[in-house]
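Computed over heavy atoms, backbone and side chain alike; hydrogens, waters and symmetry mates excluded. Predicted model, so just to flag it, every value in this text is computed and none were measured.
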Amino acid sequence: MASSSSWPNPRILAALILFLLFGLSFVGAGDVKQDDDEGPQPPSCDNPFELVKIKNWVGSAEGKTLVGLNARFGALLPSLAENAPRLPVVFSNPSNCCSSSSSKLSGSIVLSVRGDCDFTTKAEVAQSEGAAALVVINDKEDLYKMVCSENDTAQNVSIPVVMISKSGGRALNKSMADGQKVELLLYAPERPVVDFSVVFLWMMAVGTILCASFWSEFTASEQTDERYNELSPKESSNSGADKEDFEKEILDISAKGAIFFVIMASAFLVLLYYFMSSWFMWVLIVLFCIGGVEGMHACIVGLMLRKCRTELKAVNFPLLGKVSIFSLVVLLFCLAFAIFWAITRKASYSWIGQDVLGICLMITVLQMARLPNIKVATVLLCCAFVYDIFWVFISQAIFKDSVMIAVARGDNSGGESIPMLLRVPRFFDPWGGYDMIGFGDILFPGLLISFVFRYDKANKKGALNGYFLWLMIGYGFGLFLTYLGLYLMDGHGQPALLYLVPCTLGLAVILGLVRGELKHMWNYGEEESAASTSSSSRDLSGEA
């Protein structure tokens with residue numbers, strides 16, 4: 001008998017569930033990292049922190065625009081570039097700008113290194129020398145928030161003061177050291193309160209769970225019984241074995257398995273945090289491409305075979321057996337798509353390919369990994385709830401950084417970014433960047449919503465007296481609360497499951513209690529399994 005060749009491969013996807021998909025679970029924004037938000041805020045030191053764009057010209061050629069952060073004190077910058085003056089740059093001497101400079105600073109933008117005295121002292125010295133603005137170069141890549149000290153009011157500072165990163169200052173210093181004239185233009189464009197990318201990302205997350213829940217309705221009704229015959233044609237007598245193979249691909253998550261998933265996801269997250277590098281990122285990119293190809297192949301083949309009623313031509317491969325030509329063509333297309341994304345992953349349009357591969361993979365995983373009842377769902381989502389909050393917020397007290405956000409941000413990754421998330425560029429934000437959501441924030445609630453969809457269908461429940469519609473509404477509302485929290489916390493990454501678990505699992509439990517069905521949902525499947533085992537035992541006794 002010819003061996004079966006099926007995509008997706010359940011063994012590969014089982015590993016990807018653990019190591020790729022449940023690892024990242026947060027909603028965030030691709031903003032500049034900012035620290036030290038606390039500090040005295042007297043009337044003369046209460047400026048709102050604003051990101052600053054720094055256009056620079058070396059000679060007559062315009063260079064790459066740098067990003068800075070204004071201080072709590074000093075003058076505010078204009079929001080439009082046309083309202084800001086273009087001025088020459090002078091490096092203070094001494095470089096820390098803590099005392100009178102031997103260089104002529106009048107009418108110029110002064111560059112100073114961080115350290116040796118208060119920021120307000122540097123600003124007062126530069127201002128007394130006639131400087132138009134002060135740009136402080138940080139000793140790190142982060143943008144430190146410049147605040148006033150305990151007894152410092154900074155009431156005499158009337159020039160703009162801006163912090164830039166170490167690499168930005170190094171680039172400016174190098175141009176000046178080469179004897180070239182450097183000019184800067186400082187302005188602080190305003191960010192929109194809400195960017196439409198958030199709406200698009202919300203629709204993608206909700207749509208992924210909807211598609212995954214209804215996927216069997218889209219595809220299985222016309223081709224489930226023939227799926228393997230079409231991909232790997234066999235004799236009709238093998239149809240029963242094909243169905244058994246299909247059932248073997250389904251992974252029912254147990255309570256112990258749920259705890260194991262979360263523990264291993266935590267271990268993998270710490271591994272990424274400590275050992276992240278460019279080569280490690282390439283391993284993740286390759287694994288993501290493998291999973292994306294499997295998921296995309298399964299989605300395309302499932303949809304196309306729904307319309308195909310004729311027997312497909314097949315070729316015989318060693319070890320694989322007979323595989324349809326159609327399946328091979330789709331596989332080659334998916335491989336080409338994933339390779340193209342990997343090659344162009346840093347292009348401005350690469351987010352499209354990443355999201356397509358990710359959505360296909362998640363839809364396929366939600367078909368293969370299933371929760372048997374609310375009891376297992378409670379264990380999984382409660383563990384994920386604690387996991388998410390710990391690694392986004394509490395981990396800062398232990399690791400001096402938010403481990404989840406540091407990994408998602410790609411610190412020490414050589415410029416690479418983690419592929420296990422959906423991202424959408426901020427189309428209407430002058431600062432650009434991306435809004436992101438981790439795969440875990442779709443998959444964890446998605447497993448529960450897929451379960452209640454099957455539960456409603458098996459128990460012949462309608463939309464209003466069922467659970468699926470209400471949990472989808474709860475998921476959408478929870479995601480809305482997540483983005484509201486993201487906005488209120490000034491773009492700091494949010495543990496989305498903090499909002500999503502109460503809005504999905506909590507809602508399911510409350511509805512079950514009110515309707516008197518929680519006990520049935522809690523042990524769903526176990527009673528049927530016990531009854532089936534008992535019946536089989538009686539049959540065997542009768543035969544004996």
Side-chain angles (χ1 to χ4, degrees), residues 7-9 12-13 15-21 23-24 28-31 64-65 141 167 197 200-201 204-205 207-208 268 271-273 275-304 323 325-365 406-427 429 431-440 442-443:
W7 288 77
N9 188 307
I12 294 178
L13 279 177
L16 289 169
I17 290 173
L18 175 62
F19 295 113
L20 289 180
L21 304 178
L24 285 180
D31 291 333
K64 182 181 178 181
T65 299
E141 285 306 300
S167 60
S197 64
F200 191 34
L201 196 61
M204 288 170 59
T208 298
F268 185 61
L271 184 68
L272 281 174
Y273 180 73
F275 299 102
M276 183 177 291
S277 59
S278 57
W279 70 266
F280 205 126
M281 292 298 297
W282 263 109
V283 172
L284 295 180
I285 289 170
V286 170
L287 289 176
F288 173 74
C289 287
I290 293 173
V293 167
E294 295 228 19
M296 193 175 183
H297 180 274
C299 290
I300 294 176
V301 169
L303 287 174
M304 296 301 293
V323 181
I325 296 176
F326 170 73
S327 179
L328 286 177
V329 171
V330 172
L331 176 60
L332 292 176
F333 168 77
C334 296
L335 281 171
F337 187 92
I339 292 172
F340 178 79
W341 169 81
I343 294 173
T344 62
R345 67 193 180 282
K346 294 185 179 181
S348 60
Y349 54 82
S350 65
W351 64 275
I352 300 174
Q354 180 173 327
D355 290 351
V356 169
L357 291 170
I359 289 173
C360 289
L361 177 54
M362 286 188 285
I363 289 174
T364 304
V365 167
V407 170
R409 196 169 53 223
D411 294 357
N412 305 318
S413 63
E416 299 289 351
S417 59
I418 292 285
M420 296 93 71
L421 45 81
L422 300 183
R423 60 191 182 109
V424 179
R426 294 173 173 171
F427 297 105
D429 192 332
W431 289 100
Y434 292 86
D435 283 307
M436 302 171 287
I437 182 171
F439 284 177
I442 299 174
L443 285 173

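- For Ile339, the side-chain contact (heavy atoms from CB on, under 4.5 Å) criterion is met by Ile343, not counting sequence neighbours.
- Separating the CZ atom in Arg426 from the CG atom in Asp435 is a distance of 4.5 Å, to the nearest 0.5 Å.
- Side-chain contact between Val330 and Cys334: present, with at least one pair of heavy atoms (C-beta onward) separated by less than 4.5 Å.
- Applying the salt bridge (Lys or Arg N to Asp or Glu O under 4.0 Å) test to every pair with at least one member in residues 330-345, sequence neighbours left out, gives these pairs: Arg345-Glu416.
- For Phe200, the CZ atom sits in a loose shell: 12 or fewer heavy atoms of surrounding residues, nucleotides or ligands are nearer than 6.0 Å.
- Here the CD1-OG1 distance, from Ile359 to Thr364, works out to 11.5 Å after rounding to the nearest 0.5 Å.
- Every side-chain hydrogen bond (donor to acceptor under 3.5 Å, both in side chains) that Ser167 has, sequence neighbours left out, goes to Glu141, Ser165.
- Considering CD1 of Ile352 and CG of Leu357, their distance stands at 12.0 Å, rounded to 0.5 Å.
- By the side-chain hydrogen bond (donor to acceptor under 3.5 Å, both in side chains) test, Ser350 pairs with Arg423, sequence neighbours left out.
- Taking SG from Cys289 and CZ from Phe340, the interatomic distance works out to 12.5 Å, rounded to the nearest 0.5 Å.
- Within the 4.5 Å cutoff, the side chain of Met281 has heavy atoms near those of the Ile418 side chain.
- Distance check: Met362 CE to Thr208 OG1 gives 5.0 Å after rounding to the nearest 0.5 Å.
- Here the side chains of Leu284 and Phe280 are in contact, with some heavy-atom distance below 4.5 Å.
- Considering only heavy atoms from C-beta on, His297 stays 4.5 Å or farther from Leu335 through its side chain.
- Of the possible polar contacts, none joining the Gln354 side chain to the Trp341 backbone as a donor-acceptor pair under 3.5 Å is found.
- Ala205 is linked by a side-chain contact (heavy atoms from CB on, under 4.5 Å) to Ile437, Ile442, Tyr475, Leu479, counting only residues two or more places apart in sequence or in another chain.
- Inter-residue side-chain proximity for Asp355 and Met204 is flagged as met; some heavy-atom pair is nearer than 4.5 Å.
- With sequence neighbours excluded, the residues that form a side-chain contact (heavy atoms from CB on, under 4.5 Å) with Ala347 are Thr344, Tyr349.
- Phe337 contributes atom CZ, which lies 8.5 Å from atom CD1 of Ile300 (distance to the nearest 0.5 angstrom).
- Looking at every heavy atom in both residues, Gly292 comes nearest to Leu361 through N-CD2, 4.2 Å.
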